[in-house]
Amino acid sequence: METFVQLIAAGLVTGTIYALIAAGYAVLYTATGFVNFALGAQAMIGGYLTYVFLPELPLIVRVLLAIVVSILVSVASWAFFYRQVAEKDMLSAVIMSFGFSIVMAEFVRIIAGGIPLPAESPFGSGVQQIGILSISNHSMAVLVVGIVLFAALALVFRSRGGMSIRAMFQDKEMAETLGIPTNRVVIGLFALSGVFAAAAGILTGPILSMSPHMGTSLALIAFVGAILGGLGRISTAIIGAIMLGLLETLFAGYVSQDYRTTLVFAVFILVLIVRPAGVFGSKTKVKV
Amino acid sequence: MTDTLSPATTGATGRRAPSAGNLLPIIGVVVAAVAVVLPILVDDFAFNYLMSYTVITCILALTMHLLMGLAGVFSLGQAAMFGAGAYAAVVIIGQTGIDGTLGLFLVAAVGAVIGILMGLVTLRTTDLYLALTTLAFGYIVENLVRNSDWLGGPQGITGFDITFAGSYLDEPKLLYWVGLGFLYLLIVIIMSVRRSKVGRALMATRESPIAARSIGIDTRRYKLLAFGVAGAFAAVAGGLYTAYALVVDPSVFGIDLTLSVLAIAIVGGLRSMPGIIVVAIVLTYFRNSAETFGASQYVLLIYGLLIVLTLRFLPQGLGGLLTSPRVLAATRSIRARFHGGTQ
Amino acid sequence: MIRSRKFAITALAVLGVTALAGCAQPADTGDGGDGDKATFKFAVVAEETGNYAGYGTQLVAGVKAAVKDINAAGDYNFTLEPVIYDCQSDQAICVQKTRQAITSDELPVVMGPIVSVNIVPSAEVTNRAGVPHLVMAVLPALTADYDNTFRWGTQNDRSNQTVVDYVEANLKPGEDVAIVNATTDFGKGGAVIQTEQLADIGVTPALTIGHDPDQADYTPVITQLKELNPRYVLLSDSNPADVAKLLRQAKELGLESEWIGADASGSIDLAGAAAIGYKTVSPWYPTEEANSASLAEKLQAQGIEIPGWIAAMAYDATLGLAEAVATGGTTSEEIWSGLEGLSDFDGLARGDWDFSKDHMGLKSSTIATWNGTGYESVWPN
Amino acid sequence: MTVILEARGLTRKFGGLTAVDNADITVDEHALHGLIGPNGAGKTTFVNMITGVDSIDGGTVTFEGKDVTGLRSFHMASLGMARSFQTSQLFEEESVLSNVMAGRHRHIDYGFPHTFFYTPKTSRVERANRERCMALLEQLNLADDAKRLVAELPYGRRRLVEMARAIASEPSLLVLDEPAAGLPGSDVEALGETLVSLSKNGYTVLIIEHNIGLLMSICDGLTVLSEGRVIADGVPSVVRADPQVIEAYIGRSDDA
């Protein structure tokens, strides 16, 4: 029982981190049909800004800086690179985002070196005992921050602004005739995905340690999670990512540690073949 | 019943215009022949090895050209085929002792099976999802091999010899020539296919699957064919790599390989065989001697930048520049001739 | 005729190799030598850049520090000059650079690289050419399969024997031992060796857990351990971030077992407070002891912040190589026999190198506990 | 006259909506048969079912005496049923000639060895094939554009290329989905002439249009579809007089 509770908690924490990136994917995908694989690398940069590059600044300044830089990277890469390519060929734009994540990782590696570096949790190294569950302060913070951010996202999308975003997903031209400034909305969404990426990086650092290529696998696994739930809606993408975290942890705990990678990617292929819109996705065709 | 519409009497339209262009194939053959004698001209052990590695990279990059450029299947699963070929070569040639003259074709067969299998699994999806399912396929194969004791697990297999016609392939000239032979075979196949029925079927499948099916082309079958041929040659490249590296371990499935070959294919131009070959040679040489230029720290950064900048500013890659005069002339004539018609 | 033009260009492209011909020059050389003395050049193939740069730079720093000291002392009638090849943490390039070093550049002896996916093919190359090869890596197969390798450091089986000796001396009846390993060549190899060596002292590990490298979370490993609550957890994992994650989560979940594992460079730093009490097994530690402290200083002067055992072993290996050249000669065969002649050779990192019986210079490692600020040696006592 | 195509009771549902409801059509060999109906009548869905592009929820399709219900489109095409599309589906980045040569896919038959290694046989077959296609292009007045990329051509020429590609496959039934859509008046006239000459040359053509004027003048038979149902079927003069047709179709001010 204790093991089970412990595994569930760990799965939720891992899943929440995946879900932060997955939310970033879905926010962009629902409005533009674009999947930005560089979000993982943006998370990595957010982590380095918070924990490595500027240790002399106060924590809050570092965190804000991480968020601002992530937003800028997000928006600039869309405005100057992805947009022009995505108009002609969406797949090229997606491959380009892979290229960008290599560029960012290598850039950081050249500055900070390839050796993993420690990241000290802003919430300390304390551990709380809640009944039979022991959970670190940092893990709890991950869950709390995740819930707050997801709730905020839900509020944004219920508001009038959110309606216009959903209208855009339905039909871009229609949205434009209704007077919704799609370009500005898209830039706003890229900024939003930047915030989520930065949050993922800041929360992941103390768990994974900082290393330049940490974002690559994070980006892939989070995508698997989003696909599992359904990339077509933000809520299903988030739930899918959390589910993947749980599934992975329970599989590793009760079945096999060695074949964890096989599990993750087999789930991915299976879902895409059997239910391309995700387990919770509506039947509408997902297109890229 | 179609007699009047299809008389075979107007043969004049099919004639070839005489031009200086007819000299070019001859130049091509001469250049290809010089490439054969090159290791005798530049007789340096390590450099000959580098040449053989370059040829292996060219083969692998051209399998990407075949899949992505010709068939329009955006597969990132090359590493799975390459790795399968590497292990197959070690087991078939290195351990069982079947000579490479037969063994490498068996390796190709294994690769073709893996390729077709990958196609069967992933062709239910398209575009981005296909790219990622093929990538995932590679991760799964890597994970399974890593955990399989009979393939040496994470340590892989060492202490084998790859032979070809009774000679050891650790002689770099021989390795180069065998590789070059397969490269030429692949080039001939690609050039033949492009001008034949299958090439047009692949073109149709890539440009408009709906239209392709409307003229009787089984698009799925041709995509599987592309997977099979690409798998066969990627596997041979993997097999030759084991003769080059002298070991095989799960790192042959690594994503780094896929990414560097992807960079080559994108920069060279997915549609352009000459573009890809030139870039494969240049980048392989650049990476190997990067430290001479003090650039080894920046190799992967440069690869990433090349992918981003090429896609942004030169979507057809360097190879696209070869056709660009034609494209420019075409756009000019559109402006000149396009009068009304749409509305 | 576009088609023919394309063919010609294709063919030209294939030939392009010629245009690029002209063999690469040997790379960056270290300190130059004195004018009147002969110069002895040797190859160092290292992962200076790429994913394993952390190891490669340690190797190079050790070599450079030793070369500086040897040339400054001037005890030999030659000056040492390392020819350093950066193999970019890529297997194909590591093989290629090794080939270039021993054929085109005609160097008689090779040192490095470190990571086993790179050094095994490299050793295969030197072995086929009959060139002696100085290695630091821990994989036992290296010295077992390749008779030209000389091991400067402790290989996995020796380190693990040290661990098993320690367990044998301290394990009380009724207490369990568990093994945790990464499914890498290092991790899996270590787990197999430990299981065999434990069997020799009549101990069966109550639990063996393999795990894929680079996981986000190791709670499933820790919960399994917690259910068993063994006295010792023997860890075979060379990925510093993974070691740190395991140690941190073990502390978070209240696992009380003692962890003993290899010195995955940097893991202590990454684990922070969770590393206190972690026992590492390693041939060398940057401790307060005089020799160790002075070596650490020399290595830091070469630009590495936290000197590890790889740099220290590379330092001693370079000293040993100079000695072997002085006693044997400068050809591959002479260096080979010179190295085999080293017995009771005193380095700075270790004082008891002996290659006269086999190619494994050290017979044992040292176990030390990290106390939060430094290492305390606990075995052999 | 032999019946070449017969569809009975074809039905297609999308969710709760029945797009085509129990519709029949019969096309005679060598006939020029029209399928008309207002926008949204389900014409394209109907034809997509017949040609295997869309799946069938009920009914049967018989082609040249064989039951072909539910066969996939490439299979239909390989049996000799060629078609064009309402929104043109061309190989844009390829030359006109290469588009048309692709249309001959089902007639080119040399084995894989001849594909992988360009043999004299391949060369011979390909040359004959190219000549045939050039002759076809000449007849359709497309010969001058043979080497141009399809993407460069004006709209009307592109529609013609699509038809040429379908004709190149020497189909026993040629299905054209709104070939006149978007064409200026003069081109529509020329199109009509081409269709008539095709028919005279022995082709069987099923043509879908909402431009009723064009079809009335050239077709041998007409089927009228409205809201997914067949409301009239017969020779043009009879169909024109049908009150249901007048109400459902001509009654509305559709520009004919």
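Atoms considered below: every heavy atom in the structure, side chains included; atoms not considered: hydrogens, waters and symmetry mates. Labels below follow one simple rule: chain letters A, B, ... track the order of the sequence lines, proteins then strands, and each chain is numbered from 1.
- Distance check, rounded to the nearest 0.5 Å: OG1 of B:T133 to CG of A:L270 gives 11.5 Å.
- Listed by sequence position, B:Q297, B:Y298, B:L300, B:L301, B:G304, B:L305, B:I307, B:V308, B:L309, B:L311, B:R312 are the residues of residues 293-312 of chain B in contact with chain A, using a 4.5 angstrom heavy-atom cutoff.
- Between the side chain of A:D258 and the backbone N or O of B:N143, no donor-acceptor pair lies under 3.5 Å.
- To the nearest 0.5 angstrom, B:L128 atom CG is 7.5 Å from A:I227 atom CD1.
- Atom OG1 of A:T261 is separated from atom CD of B:E142 by 7.5 Å, given to the nearest 0.5 angstrom.
- Note: A:I269 CD1 to B:M118 CE = 9.0 Å, rounded to the nearest 0.5 Å.
- Rounding to the nearest 0.5 Å gives a distance of 8.0 Å between OH of B:Y129 and CZ of A:F268.
- To the nearest 0.5 Å, atom CZ of residue A:F98 and atom CD1 of residue B:I266 are 10.5 Å apart.
- When side chains are defined from C-beta on, A:I95 counts as touching B:L262, because their heavy atoms get closer than 4.5 Å.
- Residues of residues 74-89 of chain A lying under 4.5 angstrom from chain B, judged on non-hydrogen atoms, are A:F80, A:F81, A:Q84, A:V85 in numerical order.
- Atom CZ of A:F107 sits in a sparse spot, with 12 or fewer heavy atoms from other residues, nucleotides or ligands closer than 6.0 Å.
- For the set A:V224, A:L263, A:T216, A:I110, the count of heavy-atom pairs under 4.5 angstrom toward chain B peaks at A:I110.
- Using a 4.5 Å cut-off between heavy atoms, B:V121 contacts chain A through both its backbone and its side chain.
- Looking only at side-chain heavy atoms (C-beta outward), B:L132 and A:L220 come within less than 4.5 Å of each other.
- Most heavy-atom pairs under 4.5 Å with chain A, from the set B:F313, B:F137, B:F74: that is B:F74.
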